[in-house]
Amino acid sequence: MNKLPKVSEDFPGWYQAVVREAGLAENGPARGSQIIKPFGWSIWESIWRELDDRFKATGHENMMFPLLMPTKLFEAEAQHVEGFAPEVAVVTHGGGEELEEPLAIRPTSEALIWDAYSRWIQSYRDLPLLYNQWCNVLRWEKRSRLFLRTSEFWWQEGHTAHASRQEAWEETLRMLEVYREVIEDVCAIPVYRGRKSPSERFAGADETTTLEGMMRDTKALQCCTSHFLGQNFSKAYNVQYLNPDGEQEYAWGTSWGLSTRSVGAVIMTHGDDKGLRLPYQVAPTQVVIVPIYRSDDERSTVMERADNVRNALVKDGIRVKIDDRDQFRPGYKFAEWELKGIPIRIELGPRDVGNDELIVADRVTSEKSAVSTSVAVSGMADVLKSSWQALYDDATRFRDSNTYDFSTFEEIAEGIESKGGFWRGIWCGDETCETKVTEATKATIRTVPLDKEDPHGSCIVCGKAGEETAIWGRAY
RNA sequence: CGGGAAGUAGCGCAGUUUGGCAGCGCGCUGCGUUCGGGACGCAGAGGCCGGGGGUUCAAGUCCCCCCUUCCCGACCA
């Protein structure tokens, strides 16, 4: 293992090193592609499971749509095409011959899905349609970064159709709340929840809602999006249903997605100079036992105890690993598991067996203490929870201390440059003012509140009456 | 796609200026000693020098084309 650059000195270098050294992912042979290794994929699988359970609990079903679609199909919704066209890869050859009709590789599946919905939806009785799929998509990105922006990535995309505006908007918010639970309550990433300004909206949506987290370099990362599509796609793909009064109506839509980028968010929100720090819910291993011994006698004594401890913890549903590799000494293993961010390490040597104790080391707080075996085992679930809490508190403190309220254009222009972070100020809602700030600071509006509320003040750019309070920041 | 840097063993790099035996550190394999915070000794294995063309007696090194990665931009649901 090589030493990592420091978080505070070279964050991009730290990120790349930790992704590689912890065995999360690497670049694939084709431009912008990525190989996600088992340790990284396991984190994603946990996020997947947490989300999938909640999708099912809120009445959604999974399905599978194809990777390819005729380019014509993709082109039906004008805004959508305009937004995505530059990123779409097109298959022109197959079976050694040029195709009569080129096929687009999905950058997202609204087109495919609304085309199908036009056949699936006839009556108000068919609604709502609450479907989701787990899949990969491809977007021809100019510049890629492992997990954060790669040409191919995995995600889930939910696509629902409803009989009313109200119902679709409620669905948009319901799924945003599901995301909030997983991002905050599971991944321990505190977020600002809100809407996007019109310029940052999903191409084809009437409203885009999002969760914005702050990474360790104070830059913003959009963790997910939940879109209110209005009737844009139902009109483009002719999805009409007959209402109880016998009238044809266009369906109302939502779509929502969360991708493997969330793994990047976990890395960049919690990581420190020693490596990853993982919330226990997504940690591939939650507790690692490092046995310590010299002689064969000691080895068998220690390993027997280690097995017992593991079995007891596994019974409580905890993911435990005994690091019984003989070629590494304990100190090396400590460093490696810290790099990988495993929440709790148990050190177990002959002395501890004699004392009927375990040394319990917390990755988040770096605290290490001797605890009697039975207490350590019975209390492990709580220890994991408090480790999670410490992570969440730490991230919240960091974000709050890097979030500033401002009231003049000069303040943000100077402040973003010198301090980074999030800047909260009043905005008139005019794109001209938004652009002016962005051009001066490279910061964009990350969110405005879900519910418009009068900020009781004037726009920090033009001085006209404020519409809402916007949070600005430089983003990934 | 623009500006900059780079690609040589799994990782980090030297060698390229001035063409002439493919190197170093870590890691890896074997044996031994070690083992409570990144151990040590000895012996080994491992290379189409990113790819393709060219110049030359001779190319990691010079020339041309291409690919990939990183940083800064542009772009980015």
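A note on names: the letters A, B, ... follow the listed sequences, proteins ahead of strands, and every chain is numbered from 1.
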ask   = Quantified in whole Å, what is the C1' atom distance between nucleotide rU18(B) and nucleotide rG2(B)?
value = 35 Å
Partner of rA59(B) under the Watson-Crick or G-U wobble criteria, both distances under 3.5 Å, comes out as none
Note to self: Between rU69(B) and rG50(B), how far apart are the two C1' atoms, rounded to whole Å?
What the structure shows: 10 Å
For rC42(B), the nucleotide meeting Watson-Crick or G-U wobble distances (both under 3.5 Å) is rG30(B)
What is the nucleic acid contact for Gln79(A), judged by heavy atoms within less than 4.0 Å: base, sugar-phosphate only, or nothing? nothing
Regarding the side chain of Phe328(A), the nearest nucleotide among rC71(B), rG37(B), rC28(B) is rC28(B)
What does Lys368(A) touch in the nucleic acid at a heavy-atom separation under 4.0 angstrom: a base, only the sugar-phosphate, or nothing?
base
Partner of rG47(B) under the Watson-Crick or G-U wobble criteria, both distances under 3.5 Å, comes out as none
pair_partner(rG73(B)), Watson-Crick or wobble, both distances < 3.5 Å, evaluates to rC1(B)
Between Asp323(A) and Arg325(A), is there a salt bridge with N-O shorter than 4.0 Å? yes
As its Watson-Crick or G-U partner within any shown strand, both distances under 3.5 Å, rA22(B) has none
By the Watson-Crick or G-U definition, both distances under 3.5 Å, rU68(B) is matched with rA6(B)
Of rA39(B), rC35(B), rC76(B), the nucleotide closest to the side chain of Glu87(A) is rC76(B)
Notebook entry, point to check: Does NZ or CZ of Lys219(A) fall inside the cone over Tyr476(A)'s six-membered ring, less than 6.0 Å from its centre and within 45° of the axis?
Noted result: yes
Against the side chain of Asn27(A), the closest entry in rC72(B), rC76(B), rU69(B) is rU69(B)
Picking from rG73(B), rG37(B), rG36(B), the nucleotide nearest the side-chain atoms of Arg143(A) would be rG73(B)
Practice prompt. Rounded to whole angstrom, note down the C1' distance from rU29(B) over to rC71(B).
Written response: 38 Å
Does the Thr218(A) side chain pair with the main chain of Gly421(A), one donor and one acceptor, at a distance under 3.5 Å? yes
